[in-house]
Novice: 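I'd like to ask some things about the structure below.
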Amino acid sequence: MSRVAAFVFRRKGGKGWHWTDIVTWVWLVGGLFIMFGPAVWLVGSSLKTPAALAEFPPTILPYVTQKVSVEGFDKPFDLYEVTLDDGSKATLAEVRRIGIVSQMVDPKAPGEIIKVNIAQRTPVREMSFATENYTEPFTHFDFFRYLWNSVFVTVVATLITLVVNSMAAFALSKYEFRGRTAAMLVILATLMVPLSVIMVPLYSIVSALGLFNSLWGVILPTVATPTGVFILRQYMLTIPDELVDAARMDKASEWQIYWRIILPLTAPALAVLAIFSVVWRWNDFLWPLIVLSRKELYTLQVGLSIYSGELNVQWHFILAMTVVTMIPVVLVFIFLQRFITTGIAGTGLK
Amino acid sequence: MGHIKLTNVAKSFGNVDVLHGIDLEIGDGEFVVFVGPSGCGKSTLLRIIAGLEKPTGGELAIDGAVVNNVPAADRGLAMVFQSYALYPHMSVRQNLAFGLENTRMPKPEIRERIAEAARMLEIEPYLDRRPGQLSGGQRQRVAIGRAIVRRPVAFLLDEPLSNLDAELRGSTRAELAALHARLSATMIYVTHDQIEAMTLADRIVVLRAGRIEQVGTPLELYNAPANRFVAGFIGSPHMNFLEGTVETNGPGKTVATLAGGHRLEVPLDNAGIANGAKVTVGVRPHHISIGGEQGLPATIRLVEALGSETVLHADVSGQKVLVVAPGQHDLAPGADVRLSLSAAPLHMFNEKGLRLGHAV
Amino acid sequence: MTIDGSGKTGPRVGEIAMAPVRFAMGLVDAPLRKLQKVAGLGGMATFFLLPNMLIFGIFVLLPFFINFAYSMTGGSALFLSDRSFVGVDQYARLFDCSNYLDPNSCAEDTFWTAVGNTGWFVVLQVTLMIAFSLVTALILNRDLKARSFWRAMFFFPVLLSPVVVGLIWKWILQRQGLLNFGLYGFGFDPYAWLNDRTWSFAAAVAVSIWAHMGFYTLILLAGLQAIPKDLYEAAEMDGTRSMRVFMRITLPLLMPNLLVVIVLVLIRAVQIFDEVYVLTGGGPGTSTLFLTQYIYETGFATQLRNPGLAAAASILMGVVLVVLTLVQLGLGRSSDKNGGRK
């Protein structure tokens, strides 16, 4: 214990508690709850039955009232812990409730009906995971369809992004040609044109190309990312030009130089871009919302937001689907977090 | 095979002229070294020959055919880069094979050529390693090997030894000379190190500010530098220069008066220079001896005893003179000595730095 | 894996990933060699640049330019050719107010409500975002055990999708939610926070800070770690007090990063949409209606859609963003940092 305490209460310099030490610990421990808490609560809630979700105050863990089937009755009844009038305790099943009086039977001796004031009974609860929250959306809704759409958009958009951006970055880093600066400026200038500014005309262009209500209409406008070109170009600039010269002397064609020399050497930057592209495309919301109006084309994000905006929100399904939507990003976070954070610190991109 | 001719080759980047009309002919099997200070255009010249840069003027011919518009890949040349430019993601073997695969050479022949080059350069144990796992010297051999397997018309080497430490540089230099003897291929070698130039070259091309200063064998350049720049660049330590004026200008003998009033007799024939003109007299540190009564009076400022020889930094009436005297000398800074130039080959340069015609 | 690629893993990972692609790439080589013969090196540069430029041109530059044309037309037709030219009417409509301080006096009152909301949002969110991420960065820059864990913890929500963020908090802030559960323990009655005009706005600010704070913390932390340690050692030798060290050493040296972060936060705050849209849908009423949602709904979602009006509004927003981005690029140049967008 004392070791743990020594670790927890370790202080900088060991000169006694400075107010900044206290702030630090409050901030970090508070952060632990605020940053992870909501997601944990979401996962916990997603395993509760609709009845448990409607309860207030809610329970931390998913509890349901234990059911028991009683001889002579078709339906199983809720089981209660009851304090009888004589002060003794019994575990009884509730057959029906009239006002504040509950009619109960002993499951072991189902013959006799016992009337109990509802204030004298507390439900017998057991932990139960409502896994049907997860399985039902797959069968009853188009959830599987949405999942597939999201995966398709993410994978295809990322592949095209990598190829197209790396080709452009190669041209902009390893060739001297007229208009290179202009091309670079055009690409940088597009940083100033976010989707929210051009969504109206972009919609008409996508429609004119016949891409409205098509996953390609979601994919294509996103693949020529200025940031992608930018980080790949910055990385390629660090590859010595002498390698390109050497390859030219080695009779390599320009295409070969691109894919046999430059691409393999740009792998770390490509990996960063790939991860970012996956996260961006998986999370995209506004543009798919505009382009996709047919239900069977929704991505997860669009489907989720549409369902959660309905009048009778089926929270138990929404929560479970949210968890599923979150899973790939959480996996990316767990395994590639260090990679991403260094990438951001190095390039300032998001 | 391997005959390269440059006619009035010029290069400019924007408004900056890097090369001004270079004329040069390199014979088959010749080892030519381009030497000069950094920024003199020697690397640009090599890259123009390689086809990596386009000349802005003039003509370049390989074996009689003008190649100005032939891409680098099709000139049949191989290049060894200063940084070696080995493909870091490929093994040594793949590095050697890459260029051959691009010519669609049959696999068995590729294997054979790699084996031969590896044997020649003693890099067989490293064939499956990556460049990152090799030492500088080993990488250098791989870079040369990559050129050898191509069996090029000519080898272009861009400061290939500058990334090696001093000891390795010496031994690799000797190996390069042996390699040239063995392959008897044309080699064009760029360096800023005049020792490399002297030891390796059949002919040296001295460049300065985009112009050729002199072309000749190492000893021609050493013994008869065309101008003050070449004289100062070739030879180590570099030549001493003493400022003076022409006193008498006779056939076979010109007398110059130095700053301190001392007279120097230079065996010059038909110098074509007026009496009273300002000149510079050049003498190499190894050719000065100390002692005697007749020489220039000098004060020793610094003594560097190297054991086999002693380097003396002397002051001759305000002008610095370096002397390399064989053996060991018991001299201390501040000592007054006499420097004898009577046995030394003396060079005289006019005000423009051009060397004046010699009697010998 | 290393970012700089000096490690051996980088290329090797790349090689494995490349393996299936190799064959296809090899097939492309022969025709491209012919192209190279004809086009030369300059032509090949164009070839490599072309796909990207084409996509840029069609999906970014073209819409950017025809947006101006859109803003000069009226009606609800989608394609420009079907739309009637109305000159600056759309702009006139947006600015048609009897009192600019009161949105209700304007013809397009929702626009001005959105502008007002966005303005307040930007002021509050940017201030608090900078404060929170700066404090967090300073704390993470201390000599902490398991620093990379703590850093990751604050970064975690950054990767979550706005929809997920919106839903998580909608769930927490609802009547039977976690927040009310917590307050219940202190004797408060459950309250429907998102049905309250003030609280839903506060929730929009708080949730967007929660979701993006980790990103800015990371940039600021990188800036803090770039400050040479010997400066602090020198200050310690001089016996400088810690507040003074912060004001005279940390803050000035962090300033380039801080300025970039401020502008980045500003640019993103002006465009706020996704998570708030899922969280509140703009409501209750129009209390959390922001500019992007106004443009989206005017252009697409309402029955009486008016793309011209939406285009005019988006151009006004674009002007603000261009100014901010130019400021950022200027700052970025002086501090050698580069900021991007999705």
Side-chain angles (χ1 to χ4, degrees), chain A residues 12 24 27-28 31 35 38 41-42 56-58 164 167-168 170-171 175 177 190-194 196-198 200-202 204-205 207 221 223-224 227 253-256 259 264 267-268 279-280 283 285-286 290 301 304-305 308 322 325-326 329 333 337 339 341-342 344-346 348-350, chain C residues 3 5 10-11 13-15 25 29 32-33 36 42 44-45 48-49 51-52 55-56 59-60 63-64 66-67 70 78-79 139 143 150 152-153 156 159 161-164 167-168 172 176 178 181 184 215 218-219 222 271 274 278 292 299 307 310-311 314 318 322 325 337-342:
Chain A
K12 197 174 177 179
T24 299
W27 198 268
L28 292 179
M35 292 294 146
W41 181 248
L42 171 78
F56 191 87
V164 167
M167 280 171 70
F170 175 55
Y175 289 95
F177 58 91
T190 55
L191 283 170
M192 285 186 253
V193 192
S196 44
V197 173
I198 55 167
V200 175
L202 183 56
S204 79
I205 287 170
S207 298
V223 292
T227 27
S253 69
E254 298 304 301
W255 178 252
Q256 268 182 314
W259 74 267
V279 174
W280 291 339
N283 288 348
F285 173 60
L286 176 56
I290 292 171
Q301 315 290 345
L304 263 183
S305 88
S308 71
T322 308
T325 310
M326 206 169 73
V329 169
F333 173 77
Q337 169 279 122
F339 197 69
T341 46
T342 19
I344 289 178
L349 109 157
K350 183 193 175 188
Chain C
I3 290 285
V13 167
E15 215 160 274
M25 293 285 204
D29 189 44
L32 286 180
R33 258 180 202 272
Q36 189 181 330
M44 287 310 284
F48 283 113
L49 203 53
N52 206 66
I55 296 174
F56 262 136
F59 295 111
V60 181
F64 176 75
I66 65 175
N67 206 15
Y70 259 95
L78 176 59
F79 294 114
I139 283 175
D143 187 17
W150 298 115
M153 178 183 86
F156 167 67
L159 293 179
S161 87
V163 174
V164 168
L167 287 176
I168 287 180
I172 285 174
Q176 290 99 340
L178 185 62
F181 179 31
Y184 179 76
F215 176 69
L218 218 58
I219 299 182
Q271 299 174 61
D274 301 14
V278 175
T292 302
S314 72
V322 165
T325 312
K337 281 269 166 203
N338 296 291
R341 64 138 200 180
K342 290 186 186 183

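Hydrogens, waters and symmetry mates are skipped; everything else that's a heavy atom, side chains included, is used. Protein chains get the first letters and strands the later ones, always in sequence-line order, with residue 1 at the start of each.
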Novice: Might you point out which heavy atoms bring C:Phe59 and A:Ile198 nearest each other, and give the distance in Å?
Specialist: O-CD1, 3.7 Å
Novice: Where is the tightest heavy-atom contact between C:Ser314 and A:Ser196, given as atom of each residue plus distance?
Specialist: CB-O, 3.8 Å
Novice: By a 4.5 Å heavy-atom criterion (distance strictly below it), what part of C:Tyr70 contacts chain A: side chain, backbone, both, or neither?
Specialist: side chain
Novice: Can you tell me how far OG1 of A:Thr24 sits from CG of C:Asp143, rounded to the nearest 0.5 angstrom?
Specialist: 11.0 Å
Novice: Minimum heavy-atom separation for C:Ala311 to A:Val200, with atom names?
Specialist: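 Smallest heavy-atom distance, with atoms named: N-CG2, 4.2 Å.
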Novice: Looking at C:Asn52 and A:Met167, would you say the former's side chain and the latter's main chain have a donor-acceptor pair under 3.5 Å?
Specialist: no
Novice: Is the closest side-chain heavy-atom distance between A:Val329 and C:Ser161 below 4.5 Å?
Specialist: no
Novice: If you define the side chain from C-beta out and look only at heavy atoms, does anything of A:Phe177 sit under 4.5 Å from C:Leu49?
Specialist: yes
Novice: Once the angle between the rings of C:Phe48 and A:Phe170 is folded into 0 to 90°, is it parallel (under 30°), tilted (30 to 60°) or perpendicular (over 60°)?
Specialist: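 Because their plane-to-plane angle is over 60°, the rings of C:Phe48 and A:Phe170 count as perpendicular.
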Novice: Please name all residues satisfying side chain to side chain contact (heavy atoms under 4.5 Å, CB included) with A:Pro38, sequence neighbours left out, ordered by chain then number.
Specialist: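 With neighbours one apart ignored, the set is C:Ile168, C:Trp169, C:Ile172, C:Trp210.
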Novice: Do you know which two heavy atoms are closest between A:Pro201 and C:Pro63, and how far apart they sit?
Specialist: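 It is CG-O, 3.2 Å.
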Novice: Which atom pair, heavy atoms only, marks the closest approach of A:Leu28 to C:Met153?
Specialist: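 What the structure gives for the nearest pair is O-CE, 3.6 Å.
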Novice: Would C:Val163 and A:Thr325 count as a side-chain contact (heavy atoms from CB on, under 4.5 Å) if you check the C-alpha gap in whole Å, the side-chain angles of each, and the deciding distance to 0.1 Å?
Specialist: CA-CA 9 Å; C:Val163 174; A:Thr325 310; over 6 Å; no
Novice: What heavy-atom pair brings A:Val197 and C:Asn67 nearest, and what distance separates the two atoms?
Specialist: O-ND2, 2.8 Å
Novice: Quick check on A:Ile205 against chain C: is it the side chain, the backbone, both or neither that has a heavy atom closer than 4.5 Å?
Specialist: side chain
Novice: Pick from A:Ala168, A:Ser305, A:Ser207, A:Ser308: which one has the most heavy-atom pairs with chain C under 4.5 Å?
Specialist: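 Ranked by contacts with chain C, first place is A:Ala168.
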Novice: Chain C: which of A:Leu42, A:Val279, A:Ile290 shares the most heavy-atom pairs with it under 4.5 Å?
Specialist: A:Ile290
Novice: Can you tell me which of C:Val164, C:Leu32, C:Leu159 forms the most heavy-atom pairs within a distance under 4.5 Å of chain A?
Specialist: C:Leu159
Novice: Between C:Gln36 (side chain) and A:Glu254 (backbone), is there a donor-acceptor pair under 3.5 Å?
Specialist: yes
